[in-house]
Amino acid sequence: MALSAATVWRDYETDGIPSSGPHKVKKAEVRQIHAQIDTFINAFINVAGGHSFASKASLDASLNYAANSMAWVLGDATIANYGVNRKIGGSAAGTANAIQATTSIPVSRSALVWTNIFETNTASPVTI
């Protein structure tokens, strides 16, 4: 059974009932809850390809990792920016005005290719 931190470190032996006396924390329960935390952190880092950033701005500027990778923002000046984020889609190379794109099928230099440019750019036309 998975324990919660609220259960392990509750104030009273019977949660919410002061007359039941103070709850004595059991080391076995502390080890169990920390094992759950360790499992979550290891899954985040090893399975989901986790990354961490000091600010949302640094997260947004660093997109050179696989689609569906997870990233934590910790330490941002804006508390609302804290949290776990998931990268949607792959990475594109180049700059906002000179995008490098890749495809799994061959494309000749004379082919006309249509694509939507959804990133902010400052030039028109944008070179791909």
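Quantities reported herein were computed from a predicted structural model and do not represent experimental measurements.
In this view, S55 and S58 satisfy the side chain to side chain donor-acceptor pair (under 3.5 Å) rule, not counting sequence neighbours. In this structure N81 satisfies the side chain to side chain contact (heavy atoms under 4.5 Å, CB included) test together with K56, D76, T78, sequence neighbours excluded. With sequence neighbours excluded, the residues forming a side chain to side chain contact (heavy atoms under 4.5 Å, CB included) with I37 are H34, I41, listed by chain and number.
Residue pairs meeting the salt bridge (Lys or Arg N to Asp or Glu O under 4.0 Å) criterion with at least one partner in residues 64-74, sequence neighbours excluded, are absent.
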Can you list, pair by pair, the side-chain donor-acceptor contacts under 3.5 Å of residues 3-11, counting residues two or more places apart and other chains?
from, atom 1, to, atom 2, distance (Å)
S4, OG, T7, N, 3.1
S4, OG, T7, OG1, 2.9
R10, NE, Y12, O, 3.2
R10, NE, E13, O, 3.0
R10, NH1, T7, O, 2.6
R10, NH2, E13, O, 3.3
R10, NH2, H23, ND1, 3.2

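W72 and V84 make their closest contact through NE1-CG2, 2.5 Å (heavy atoms, listed as atom of the first residue, atom of the second, distance). G16 and P18 make their closest contact through O-CD, 3.4 Å (heavy atoms, listed as atom of the first residue, atom of the second, distance).
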